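Nothing here was measured: the structure is a model prediction, and the numbers come from that model.
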Amino acid sequence: YSSMLVRNTYYHFPEPRINLRYLMDNNWSLKASAGSMVQYLSLLTGNGIGIPTDLWVPSTPRIRPQQSRQVALGIAKGWNQQRYTAELEVYFKDMKNLTSFDQGESFLAQGRWQDKIVQGVGQSYGTELLLKKTKGATTGWISYTLAWTDRQFEEINRGQRFYYKYDRRHDFSLVVAHQFSERWEASMVWTYGSGHRTTLPVNTFGVQIPLGFGEEDPRSITVDAPDRINNIQLPAYHRLDLSMSFIKKKKKWTRRLSVGIYNVYNRQNPSFLFLVRENNRPRYR
């Protein structure tokens with residue numbers, strides 16, 4: 001049971017959770033979980049192509065806490081004296097009172113931040129797979145997630161659902177560690193994830209603005225317009241990290257010296273895009 005007092009407003013919610021596990025035999029098991037959760041901090045994300053401006057804001061008398069309900073079902077198997085394990089799980093999460101900047105608003109716009117925010121609903125669901133080796137000189141795991149997440153606000157995208165900025169269709173990780181001796185150990189981590197969603201203009205049209213004082217001819221400006229929110233997916237994110245460790249055990253403590261290489265093959269993962277115009281058409285780099 002959680003609560004929050006902000007000014008003269010008192011929020012309080014029960015947060016029941018249950019976890020069940022059924023052992024079918026020494027190798028197979030089933031598990032299920034369900035829960036209701038409340039969060040009093042909200043993440044505000046921008047949908048544009050500029051530098052990310054994600055920030056956390058608190059609940060207020062006007063901005064209600066976020067609420068979610070989640071259920072998950074899974075199956076697990078171990079073999080070779082639990083040297084290897086495999087787990088498969090599906091989940092569904094329903095959310096409400098999610099926050100977002102109103103369409104056309106941003107953190108840099110003038111005015112109180114509460115006046116720029118709208119609240120709506122969302123869903124997340126998917127499947128997770130994990131294969132793990134826990135014993136022996138070589139250990140590690142492979143994990144893969146296939147997931148969807150969306151948002152819906154009456155004031156945004158004409159009230160239609162759209163993919164959330166952090167909707168990542170595929171998320172893959174490969175982790176391997178090998179112990180050559182009591183003193184030397186090496187590890188490798190390779191990660192891959194579908195690119196984040198962002199909103200990019202796909203149409204261009206001209207707009208005539210009214211004459212100003214002393215002007216004889218109307219001025220025309222070019223406006224770039226997207227067809228929907230988060231309509232474009234950025235390129236995939238992936239990188240390889242390597243490390244080597246020297247370990248020396250003392251009577252009362254252990255000394256470890258590690259050297260690592262981050263992003264070995266120098267993958268240029270995009271953080272944001274620049275808008276450039278060629279032949280009066282928007283392009284991005």
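When all heavy atoms are compared, the tightest approach of E15 to S2 is OE2-OG, 2.6 Å. Contact detail for G122 and L98: the closest heavy-atom pair is N-CD1, 3.6 Å. In terms of heavy-atom proximity, A34 sits nearest to V71 at CB-CG1, 3.9 Å. Nearest heavy atoms, Q82 versus T134: O-OG1, 3.4 Å. The two residues L41 and P58 make their nearest non-hydrogen contact at CD2-CA, 3.8 Å. The minimum heavy-atom distance linking T199 with N230 is given by the pair OG1-N, 2.8 Å.
Using a distance-only test at 3.5 Å, with no hydrogens or angles considered, no donor-acceptor pair links the side chain of N80 to the main chain of Y84. Panel note: side chain Q179, backbone W184; no donor-acceptor pair is recorded below 3.5 Å. In this structure a side-chain-to-backbone donor-acceptor pair under 3.5 Å is present from Q233 to G195. When atom types are taken as modelled, the side chain of D167 and the backbone of T149 share a donor-acceptor pair closer than 3.5 angstrom. Counting only distance, with no hydrogens or angles, the side chain of T85 and the backbone of G78 share no donor-acceptor pair below 3.5 Å. Panel note: side chain K135, backbone Q81; a donor-acceptor pair is recorded below 3.5 Å. Under a 3.5 Å cut-off, the side chain of Q152 and the backbone N or O of G159 do form a donor-acceptor pair.
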Residue pair K77, M24: steps toward the side chain to side chain contact (heavy atoms under 4.5 Å, CB included) verdict: CA-CA 10 Å; K77 175 179 172 56; M24 295 185 288; over 6 Å; no

Test salt bridge (Lys or Arg N to Asp or Glu O under 4.0 Å) on R197 and D150; report intermediate values, then the result. CA-CA 11 Å; R197 300 277 177 171; D150 59 39; over 6 Å; no

Evaluation steps, side chain to side chain contact (heavy atoms under 4.5 Å, CB included), between R151 and Q123: CA-CA 7 Å; R151 298 288 187 267; Q123 292 180 344; over 6 Å; no

Could you please spell out the steps behind the side chain to side chain contact (heavy atoms under 4.5 Å, CB included) verdict for M37 and Q70? CA-CA 8 Å; M37 291 153 281; Q70 178 171 312; 4.1 Å; yes

Does R169 form a side chain to side chain contact (heavy atoms under 4.5 Å, CB included) with Y163? I'd like the steps, not just the answer. CA-CA 10 Å; R169 191 68 64 249; Y163 289 121; 3.4 Å; yes

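D94 has no carboxylate O lying under 4.0 Å from a charged side-chain N of K96, or vice versa, which leaves the two without a salt bridge.
Of the inter-residue distances, the one linking I156 atom CD1 with Q160 atom CD reads 13.0 Å to the nearest 0.5 angstrom. We find the OG-OH distance between S124 and Y164 to be 9.0 Å, quoted to the nearest 0.5 Å. Here the CD atom belonging to Q114 is positioned 11.5 Å from the OG1 atom belonging to T99, to the nearest 0.5 angstrom. For the atom pair S59 OG and R64 CZ, the distance stands at 9.0 Å (nearest 0.5 Å). The distance from atom CD of E89 to atom CG of L129, rounded to the nearest 0.5 Å, is 11.0 Å. Rounding to the nearest 0.5 Å places NE2 of H196 at 9.5 Å from OH of Y237.
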Only pairs under 3.5 Å count here: list side-chain donor-acceptor contacts from residues 246-262, not counting sequence neighbours, and write none if there are none.
| residue | atom | partner | partner atom | Å |
| --- | --- | --- | --- | --- |
| R256 | NH1 | E185 | OE2 | 3.3 |
| S258 | OG | S245 | OG | 2.8 |

With a 3.5 Å cut-off and sequence neighbours excluded, list the donor-acceptor pairs that the side chains of residues 138-146 form with protein atoms.
| residue | atom | partner | partner atom | Å |
| --- | --- | --- | --- | --- |
| T138 | OG1 | H178 | ND1 | 2.6 |
| Y144 | OH | H170 | ND1 | 2.7 |

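Linking ILVMFWY residues whenever their side-chain heavy atoms come closer than 4.5 Å, directly or via other members, leaves F92 and L73 in distinct clusters. In the hydrophobic cluster analysis, where Ile, Leu, Val, Met, Phe, Trp and Tyr join through side-chain heavy atoms closer than 4.5 angstrom, F172 is grouped together with L240. No single ILVMFWY cluster, assembled from side-chain heavy atoms under 4.5 Å apart, contains both V57 and M4.
Between I117 and L44 the shortest side-chain heavy-atom distance falls below 4.5 Å. Contact check for E154 versus Q119: no side-chain heavy atoms found under the 4.5 Å cut-off. Using a 4.5 Å heavy-atom cutoff, the side chains of D171 and Y192 are not in contact.
Screening residues 25-37 for side chain to side chain donor-acceptor pair (under 3.5 Å) gives K31-E87 as the qualifying pairs, with residues at least two apart or on separate chains.
The number of heavy atoms from other shown groups lying within 6.0 Å of CZ (R83) is above 12. With a 6.0 Å radius and a threshold of 12 heavy atoms from other residues, nucleotides or ligands, K133 has its NZ atom above the threshold. The number of heavy-atom neighbours closer than 6.0 Å to CZ of R21, taken from other residues, nucleotides and ligands shown, is 12 or below.
For H238 and Y265, the gap between ring centers is short of 6.0 Å.
Judged by distance alone, the side chains of R168 and Y166 never bring a donor and an acceptor atom under 3.5 Å apart. Of the N and O atoms on the side chains of Y91 and T127, not one donor lies less than 3.5 Å from an acceptor on the other residue. A donor atom on one side chain and an acceptor atom on the other are not found under 3.5 Å apart for S173 and T191.
A cation-pi arrangement is absent between R161 and F153, since the terminal nitrogen or guanidinium carbon is not both under 6.0 Å from the aromatic centre and inside a 45° cone about the axis. Judged by a 6.0 Å distance limit and a 45° cone about the ring axis, R228 is not positioned over the six-membered ring of F162.
Screening D241, L174, V175 against M188 for a side chain to side chain contact (heavy atoms under 4.5 Å, CB included) leaves a single residue, L174.
Between Y40 and F13, the ring planes are tilted. Angles from 30° to 60° get that label.
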